[in-house]
Amino acid sequence: MKIPRRKILHLAAGAVALTSVPRLAFAQAYPTRPVRWIVAVAPGGGNDVFARLMGQWLSVRLGQPFIVENRPGAGNNIGTEAVVKAAPDGYTLLLASSNNASNAALYDNLNFDFIRDIAPVAGIARTTLVMVVNPSVPAKTIPEFVAYAKANPGKVNMASAGTGGIGHLAGELFKMAAGVNLVHVPYRGNGPALTGLLGGEVDVLFPSLASSIEYIRAGKLRGLAVTSTVRSDATPDISSIGEFIPGYEISTWYGVGAPKGTPAEIIDKLNKEINASLADPKLKARFADLGDIPMPMTPAEFGKFVADETEKLGKVVKFAGIKLE
């Protein structure tokens with residue numbers, strides 16, 4: 001019996017619709033169990049702050065715990081690879097950051113390609129870094145610090161959250177622009193680096209403003225300048241480095257990624273909830289208090305943003321001549 005072409009097309013369309021129903025139903029029910037949110041650095045850094053803020057929001061909105069799991073090591077690569085290898089079912093997420101973008105230029109033999117293997121979900125925020133010193137350092141301004149460093153070449157220790165991270169890049173750019181010799185001391189994460197600075201093990205650090213602002217306000221650290229082009233509304237009394245070194249600017253960002261192959265319906269659901277959080281007055285006020293700028297984006301927009309940042313930070317790594325130690 002010959003089946004009319006119109007009937008065949010109708011049956012085919014019905015089959016496609018039926019196969020899409022389980023995926024849609026799965027996404028509508030998602031999540032039905034706790035979600036792991038991997039932060040690829042030690043606790044205490046800006047990554048950790050944002051993952052916990054957003055995790056609390058998503059837990060309330062979606063009715064399941066979003067559990068932050070710190071997986072530090074190898075410049076964010078251990079935690080990132082764990083997400084790359086996870087099942088693409090929406091139950092393992094990555095707190096993505098500018099470090100993922102710079103790592104593409106730092107590591108020649110990664111077991112993954114961040115842009116290829118991590119699906120973009122949503123942007124969270126862009127935030128300035130801040131140049132902070134231990135109060136024992138006799139400098140309260142950028143000119144005073146430059147003079148102090150030049151009077152003590154090779155004796156001023158500059159901490160970072162790890163070689164090639166955004167804070168390290170900020171410090172290397174500062175060294176070149178200011179013409180000073182600072183000794184790089186890499187830690188395993190921003191939290192440990194802050195602890196080292198607070199304890200006087202090192203002299204200066206370029207952490208995110210979000211992770212260090214409370215120490216600055218308490219007088220435990222001295223903020224010399226932010227790395228953005230203009231002063232932060234959260235710390236209007238702290239100058240920008242660009243006020244003294246024209247053209248200096250670098251910042252960090254945070255977002256959400258998932259394993260490649262995660263259903264688009266789940267990614268879209270997460271994106272919708274994250275963007276809703278970024279528009280919430282209470283969360284916006286918290287971001288402003290930390291000196292952060294919300295970064296709502298579609299998955300496609302965040303993907304393009306990551307690609308652009310990877311290219312830009314790759315140029316910074318090469319320009320600064322940064323090599324893994």
Work out which heavy atom in [X] is nearest to a heavy atom in [Y]; give both atom names and the distance.
X: D292; Y: F50; value: OD2-CZ, 3.0 Å
X: D89; Y: Y30; value: O-CE1, 4.1 Å
X: V137; Y: R222; value: O-NH1, 2.7 Å
X: P259; Y: A119; value: O-CB, 4.0 Å
X: S251; Y: T127; value: CB-O, 3.5 Å
X: E249; Y: T229; value: CG-CG2, 3.3 Å

Check for a donor-acceptor pair, side chain of [X] on one end and backbone N or O of [Y] on the other, with a separation under 3.5 Å.
X: D113; Y: R116; result: yes
X: D268; Y: E265; result: no
X: N134; Y: D203; result: no
X: S212; Y: P207; result: no
X: N275; Y: M297; result: yes
X: S160; Y: G162; result: yes
X: Y248; Y: A170; result: yes
X: T195; Y: G191; result: yes
X: R126; Y: I293; result: no
X: W57; Y: L278; result: no

### Task
Count the heavy atoms belonging to other residues, nucleotides or ligands that lie under 6.0 Å from CZ of R188, then report whether that count exceeds 12.
no

### Query
For K260, does the NZ atom have more than 12 heavy-atom neighbours from other residues, nucleotides or ligands under 6.0 Å away?
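Count not over threshold, so no.
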
Any heavy-atom pair between the side chains of [Y] and [X] that's under 4.5 Å?
X: L198; Y: Y215; value: yes
X: S277; Y: M54; value: yes
X: L221; Y: L194; value: yes
X: S232; Y: L209; value: yes
X: L173; Y: L169; value: no
X: F302; Y: N271; value: no
X: V230; Y: S240; value: no
X: V204; Y: M131; value: yes

#### Entry: Pair T163-H184, side chain to side chain contact (heavy atoms under 4.5 Å, CB included): steps then yes or no
CA-CA 9 Å; T163 300; H184 179 221; 3.6 Å; yes

### Task
Decide side-chain hydrogen bond (donor to acceptor under 3.5 Å, both in side chains) for S208 and N190; before the verdict, give the C-alpha distance in whole Å, the side-chain angles of both, and the deciding distance to 0.1 Å.
CA-CA 9 Å; S208 66; N190 196 54; 4.6 Å; no

If you round to the nearest 0.5 Å, how far is [atom2] of [Y] from [atom1] of [X]?
X: E172; Y: I322; atom1: CD; atom2: CD1; result: 5.0 Å
X: L313; Y: W253; atom1: CG; atom2: CH2; result: 8.0 Å
X: T92; Y: I67; atom1: OG1; atom2: CD1; result: 11.0 Å
X: L106; Y: K318; atom1: CG; atom2: NZ; result: 10.5 Å
X: I216; Y: I238; atom1: CD1; atom2: CD1; result: 4.5 Å
X: K155; Y: N181; atom1: NZ; atom2: CG; result: 11.5 Å

### Task
Classify the ring geometry between Y148 and F145 as parallel (under 30°), tilted (30 to 60°) or perpendicular (over 60°).
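If you compare the ring of Y148 with that of F145, the planes turn out tilted.
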
### Task
Mind telling me whether F206 and F174 have parallel, tilted or perpendicular rings, with 30° and 60° as the class edges?
tilted

When you group the ILVMFWY residues by side-chain heavy-atom contacts below 4.5 Å and let the links chain together, are [Y] and [X] in the same group?
X: Y187; Y: V183; value: no
X: I38; Y: I78; value: no
X: M176; Y: I245; value: yes

### Query
Taking it one step at a time, do V180 and V156 satisfy side chain to side chain contact (heavy atoms under 4.5 Å, CB included)?
CA-CA 10 Å; V180 295; V156 180; over 6 Å; no

### Query
Where do D48 and V41 land on the side chain to side chain contact (heavy atoms under 4.5 Å, CB included) test, with the steps shown first?
CA-CA 8 Å; D48 206 50; V41 297; 5.5 Å; no

### Task
May I ask you to say whether D289 pairs ionically with R217, meaning some side-chain N is under 4.0 Å from a carboxylate O?
yes

### Pairing residues for Q64 by the side chain to side chain contact (heavy atoms under 4.5 Å, CB included) criterion, not counting sequence neighbours
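Applying side chain to side chain contact (heavy atoms under 4.5 Å, CB included) to Q64 gives P31, P34.
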
### Task
Please name all residues satisfying side-chain hydrogen bond (donor to acceptor under 3.5 Å, both in side chains) with K304, sequence neighbours left out, ordered by chain then number.
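Scan of K304 (side-chain hydrogen bond (donor to acceptor under 3.5 Å, both in side chains), adjacent residues dropped) gives D308.
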
### Task
Check side-chain hydrogen bond (donor to acceptor under 3.5 Å, both in side chains) between K312 and all other residues, then give those that pass, not counting sequence neighbours.
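Per chain and number, K312 pairs via side-chain hydrogen bond (donor to acceptor under 3.5 Å, both in side chains) with E309.
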
### Query
So N76 and N103, side-chain hydrogen bond (donor to acceptor under 3.5 Å, both in side chains) or not? Walk me through it.
CA-CA 8 Å; N76 282 42; N103 279 351; 5.4 Å; no

#### Entry: side chain to side chain contact (heavy atoms under 4.5 Å, CB included) evaluation trace for L93 with F66
CA-CA 9 Å; L93 303 176; F66 279 66; 4.0 Å; yes

